[in-house]
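Letters go in sequence order (proteins before strands), and every chain restarts at 1. Predicted model, so just to flag it, every value in this text is computed and none were measured.
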Amino acid sequence: MAVTGLLLVAFLYVHMIGNLKIFFGAETFDHYAHWLRSIGTPLLPEAWYLYIQRTVLTVAVVGHIVAATILARRARLARPVKYAHRPKVQGSYAARTMRWGGVIVLLFVIYHILDLTTLTLNPNGVHGEVYRNVAEDFAPGRWYVTLFYTLSIVAVGFHLRHGLWSAVRTFGLQSPRGEVYARATALVLSVVLVVGYLSVPFAVLVGLVD
Amino acid sequence: MDIKVRVWRQENSSDKGRMETYDVKDISPDASFLEMLDVLNEKLILDGDDPIAFDHDCREGICGACSMVIDGVAHGPEKATTACQLHMRHFKDGDKIDVEPWRAAAFPVIKDLVVNRGNLDKIIAAGGYITAPTGAAPEAHATPVPKKDADLAFEAATCIGCGACVAACPNGSAMLFTAAKVAHLGLMPQGQPERDTRVIDMLQAQDDAGFGGCTNMGECSQVCPKGIPLTLIGRLNSDYRKAVRKQL
């Protein structure tokens, strides 16, 4: 869980920094998107790097889901008879919603790829017109897309708040002070990520990007 | 004070079991939770009914025998308190209190609130010891131990093996128990020779016994009557990682 999770978080951060390039205008953003396809050339043929990265990410996502499924299955088997009286678990909201939160994030990722990678569900849907694809995607008339995007990103934030801290614990964090730093860092990284990702659709919504 | 208790009744391990409600009248607020059950049991015996079976021994909060989930919380609502040290003054007159056994596949119910916690012993048998010639106790000053290590080892050693961590864990994991034992011995000079095999074998025994996997929820530490810190699980993970790497 921890290894695949951290790989995915690293990707999320790079992806977020790329997204923020939208604030530098259509030309910069489209150029950046084009550059992504040319990473590694001429050593690698065009777009090969992208496919390598996609393969690694897919393996990480599948590994993450497989590990989570094994844990969930073991948890179910470990308590065949449920408690008749069970108050809410005292752990954080983030910790309690890891499993269903993860499912929401997965559904979002599938939608997101169909929307902005394959452009199947995109209202503009022209390869190379990245800026316009995003701007029309989050246009005020498509408020439901923005709403789903917002909910999903917040779900990612919660997922990371517990996930990041839990991952360092898995790697062996054990000092009480390290614990405090790890919790604070996990919270800050999650909030920064949520704000960074949400800034794009809301910028479109208020007309900063159009 | 008068209360109602809804208790899990189960004839034997093959019985399906059910919750049954009993009225308990005129209980002193100074009575412990187990004394309240004693009073109820006396009444049940006088009425010719089967008394409620529950584990107990020292009733001083140090043996780890008492094991019941009270209103959904292992050992009841008081922090860092065993069920035997929980007093009725923490409840209100007229309260309806639910009492259930530890719920885990690895802890099968024997009768009513009594479960078989032998699987914790299996984890201990897999590595929760040091191999040393027995005989007269060695001179205490012969092996220096840094104060910091001694304090943390002692904190881990306060684990009474009651199993509340498993009962509370949403995953039914025994990670806090195993982590406490691994830390307790792994921090001591005498525990070093078997440090690597210990953590690997004990975790294997834990998995084999049908306990769930740890997802760092932290419920275990919340209900632990000895307040065993969650950070020990990080220590176990670190020991495990190093032990596995050495095996490569």
Participant: Is any side-chain heavy atom of A/Arg169 closer than 4.5 Å to one of B/Leu230?
Facilitator: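 In short, these two side chains touch, coming nearer than 4.5 Å.
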
Participant: Are more than 12 heavy atoms from other residues, nucleotides or ligands located less than 6.0 Å from atom CZ of A/Arg54?
Facilitator: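 More than 12 heavy atoms, drawn from other residues, nucleotides or ligands, come within 6.0 Å of this atom.
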
Participant: Side chains of A/Phe171 and B/Asn237, heavy atoms from C-beta outward: is any pair under 4.5 Å?
Facilitator: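 The answer is no, as the side chains (C-beta and beyond) never meet within the 4.5 Å cut-off.
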
Participant: Could you report the tightest heavy-atom contact between B/Ala105 and A/Leu77, atom names first, then the distance?
Facilitator: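 Shortest heavy-atom separation between B/Ala105 and A/Leu77 comes out as CB-O, 3.3 Å.
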
Participant: Are the side chain of B/Tyr240 and the backbone of A/Gly172 linked by a donor-acceptor contact shorter than 3.5 Å?
Facilitator: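 Judged by distance alone, no pair lies under 3.5 Å.
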
Participant: Roughly how far, to the nearest 0.5 Å, is the CZ atom of A/Arg96 from the CE atom of B/Met217?
Facilitator: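 Rounded to the nearest 0.5 Å, the CE-CZ separation comes out at 7.5 Å.
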
Participant: Among the options A/Met1, A/Arg76, A/Lys82, pick out the one with the most heavy-atom pairs lying under 4.5 Å from chain B.
Facilitator: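 If we count pairs closer than 4.5 Å to chain B, A/Lys82 comes out on top.
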
Participant: Does a sphere of radius 6.0 Å around OH in A/Tyr13 hold more than 12 heavy atoms from other residues, nucleotides or ligands, not counting ones at 6.0 Å or beyond?
Facilitator: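 It does: A/Tyr13 OH has more than 12 such atoms within range.
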
Participant: Supply the atom-to-atom distance A/Tyr83 OH to B/Trp8 CH2, rounded to the nearest 0.5 angstrom.
Facilitator: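 Answer for the OH-CH2 pair, A/Tyr83 versus B/Trp8, is 12.0 Å.
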
Participant: I'd like to know whether CZ of B/Arg18 has more than 12 heavy-atom contacts from other residues, nucleotides or ligands below 6.0 angstrom.
Facilitator: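 Count over threshold, so yes.
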
Participant: For residues A/Ala78 and B/Gly212, report the shortest heavy-atom separation together with the two atoms involved.
Facilitator: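 Shortest heavy-atom contact: CB-N, 3.5 Å.
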
Participant: Does a side-chain heavy-atom distance below 4.5 Å link A/His85 with B/Met19?
Facilitator: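 A/His85 vs B/Met19: side chains apart.
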
Participant: Checking A/Ser175 against chain B: side chain, backbone, both or neither under 4.5 Å from a heavy atom?
Facilitator: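 For A/Ser175, the contact with chain B is made by the backbone alone.
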
Participant: Do B/Glu100 side-chain atoms and A/Ala84 backbone N/O form a donor-acceptor pair below 3.5 Å?
Facilitator: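 It does hold such a pair.
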
Participant: Would a distance-only check, ignoring hydrogens and angles, find a side-chain to backbone donor-acceptor pair under 3.5 Å from A/Arg79 to B/Ala167?
Facilitator: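 Yes; at least one donor-acceptor contact below 3.5 Å.
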
Participant: Testing the basics here: between B/Asn216 and A/Trp165, what is the closest heavy-atom pair and its distance to 0.1 Å?
Facilitator: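 What the structure gives for the nearest pair is O-CZ3, 3.3 Å.
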
Participant: Of all the heavy-atom pairs spanning A/His162 and B/Thr215, show the shortest one and how long it is.
Facilitator: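 So the minimum-distance heavy-atom pair works out to NE2-O, 3.0 Å.
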
Participant: Side chain from CB out, backbone as N, CA, C, O: work out which of these in B/Asp239 comes under 4.5 Å of a heavy atom of chain A, or both, or neither.
Facilitator: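 For B/Asp239, there is no contact with chain A at all, as no heavy atom is under 4.5 Å.
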
Participant: Which answer fits A/Arg73, side chain, backbone, both or neither, if we ask what part of it has an atom under 4.5 Å from a heavy atom of chain B?
Facilitator: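 No part of it gets close to chain B.
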
